[in-house]
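What follows is one structure encoded as structure tokens, with my remarks underneath.
A note on names: the letters A, B, ... follow the listed sequences, proteins ahead of strands, and every chain is numbered from 1. Note that the structure is a prediction, hence the values are computed from the model and not measured. We use all heavy atoms of the structure for the numbers below, so side chains are in, but hydrogens, waters and symmetry mates are not.
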Amino acid sequence: MLNYLEKHLPKIVLAPTTIVMIVCMYGFIAWTGLLSLTKSRMMPQWEFVGLDQYVRLFANPRWDVAVDNLFIFLILFIIIALVLGLLLAIFLDQKIRVEGAIRTIYLYPMAISFIVTGTAWKWILNPGLGIEKLFRDLGFAGFEFRWLVDSDMAIYTIVIAAVWQSSGFVMALFLAGLRGVDDNLTKAAKIDGASTVRLYWHIILPLMRPVFFSAIVILTHIAIKSFDLVQALTGGGPGYSSDLPANFMYTFSFNRAQIGMGAASAMIMLFGVLAVLIPYLYSELREKK
Amino acid sequence: MNSIEIKKLSLNFGEVVVLKDLNLTIEKGEFLVLLGASGCGKSTLLNCVAGLLDITDGQIFINGKNVTWDEPAQRGIGMVFQSYALYPQMTVKGNLSFGLKNAGLPKEEIEKRVKHASEILQIESLLDRKPAALSGGQRQRVAIGRALVRDVEVFLFDEPLSNLDAKLRTELRVEIKRLHQKLDNTMIYVTHDQIEAMTLADRIAIMRDGLIQQLDTPKKIYSNPVNKYVAGFIGSPSMNFLKGTILQNNKPIFKLEGGWCESPDLSNYIFQESIKAETQVWLGIRPESVVVGGEAENMPVNFSLEVEVFEPMGADTLVWSQIGGQEFRFMIDGNTSVNVGDRVTVGFDPAHASIFDFDNEERL
Ligand SMILES: Nc1ncnc2c1ncn2[C@@H]1O[C@H](COP(=O)(O)OP(=O)(O)OP(=O)(O)O)[C@@H](O)[C@H]1O
Ligand SMILES: [Mg+2]
């Protein structure tokens, strides 16, 4: 008996987690997939209608806005966070004195949840409370900064808040990469008469390729998940002008009794994530061999 | 004309003093080797000459021009690092031409120089490869090529061969010597390897704790070391040091501490200046200057010893023994058979010895 226990203990202990994992992750993914093929509205119901929900989804202008927003957000967020993070890392790598303190300050936003970031920026960008009021109080009476309440610009406020939160993290990634560069390379380049710009552009940045790659994958993943930031900062508004697909999915599944269409949008998002993740995992795992 | 002149150079890292008031003059076309224990400041000195470190005090002249505050690229130097430091994302050709492009040279001139350098170093067939696809020896050739294309007066080498295996090291050593004979430019070469130092150098500078202990030809450093540190540092196996006293009795006589009753006559030794009687000294003699057997009996100094350990090294055998409780090593011919416990007569000529003051360890 004791022998049996000893032999199988690891399996017995791990079994519940494995089961929970299979049921909660893959089980529910499968369930959502099935739901997206049904007529479900308020409650799940099992009348299959093929790809009808997907057709309705793509015909919905609100989904169009959400997808467009995702692309705007994804591209701007990734590019700005990468450039800013890289510049901060290069700046910190110049052997400056208070590096430790500055690094902590830059990294700190990463420790805050998106809800807090969203709320804080909601106040900062609010015309009646934040930047606009500050500048008006300073005497610039005509100053206007009301992106938060402008349906064309609201999505960019989400970019600002997300960049603020994530660029410190990107900086940490690049800083680690820069620290790994052989000191003698810099020395050799100096003897070769390279200016700082040429040194970074021709020698150091090409060495950062793997870091760019990891940073892009991580940022993509943050961007696709940033449901909570939108919820806290703009609530998807004004109107639905700053919705992202995740907010669309939530609204349709739980507020507007369209579970079938919500499930369809969830599946489209899953495929989007997989399209990014699979090539990444593939290349990562292949390198290990 | 002097190629490099270093005047009163000091360098501190914060509180740590690495180089202090260092003076060094190197002639045009000279091959100078810096030799010294790890951490004595060799790389630091080289980096100061290259302009990669801001010096604390002093001046550096290259070809008569004060370059103390010039950028590295303007000093007319090329440098080769132990870790090669090739630009990993560029091809060999890219590596060779990077410096020339930075200097804004015309394309044809760059082509010409790259071609010339790659011919000299026999790397023409590698020009399109990335450094990762090269062997260690090939990488170091490219690194030398990078200095070569820039057509500079002064080459600085920081342990360029120490990442290579023994055979390759010997090959490249000869190549560097050939290169020097061909180009006839000034070279400063840092190494840990005594053989490299002895074979390559016109002059060797032995450094210790940021100070140059002795600067002289390899031969002079080997035969006339200025102090006990230099004597022990140069030569392998290292010099024997016997502790004793010099007695003056119309001629100098050495009395070994702890025994040995005959009183060997040191009249053949040339003292720097006349010395007082009863001076405590170290008598240093290189294992390869000791002779054995019949030859030993004709030497001014001779005595007999018991073999404790022997190490055959091919051409020679190194024998370890003791005299008066002090360790003594000597070489015998590799073909002579010895056994542990054998008694051997050994001897040497004091003219080949070095005598150092016991307290300050300076040569007497
Ligand atoms: N950046 C630095 N900050 C503080 N101390 C340093 C720094 N670089 C070197 N040192 C110190 O300066 C001394 C000399 O270093 P250096 O690299 O010149 O030695 P080295 O003679 O080249 O040794 P090795 O033969 O091991 O290369 C060492 O004691 C080292 O600890
Ligand atoms: Mg060194």
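Between B/N2 and B/T25, the side chains place no donor N or O within less than 3.5 Å of an acceptor N or O (distance only, hydrogens not considered). With 3.5 Å as the limit, one finds a donor-acceptor pair spanning the side chains of B/S83 and A/D182. Using modelled atom types and a 3.5 Å distance limit, the side chains of B/T191 and B/D193 yield no donor-acceptor pair.
For a residue to count as touching a neighbouring chain, one of its non-hydrogen atoms must lie under 4.5 Å from one of that chain's; by this rule B/E71 does not touch chain A. Contact annotation for B/N47: only side-chain heavy atoms (C-beta onward) come within less than 4.5 Å of a heavy atom of chain A. Residue B/I77 touches chain A through both its backbone and its side chain, counting heavy-atom pairs closer than 4.5 Å. In this structure, the portion of B/F81 lying under 4.5 Å from any heavy atom of chain A is its side chain and not its backbone.
The aromatic rings of B/F157 and B/F31 lie parallel to each other, with less than 30° between the two planes, well short of the 60° mark.
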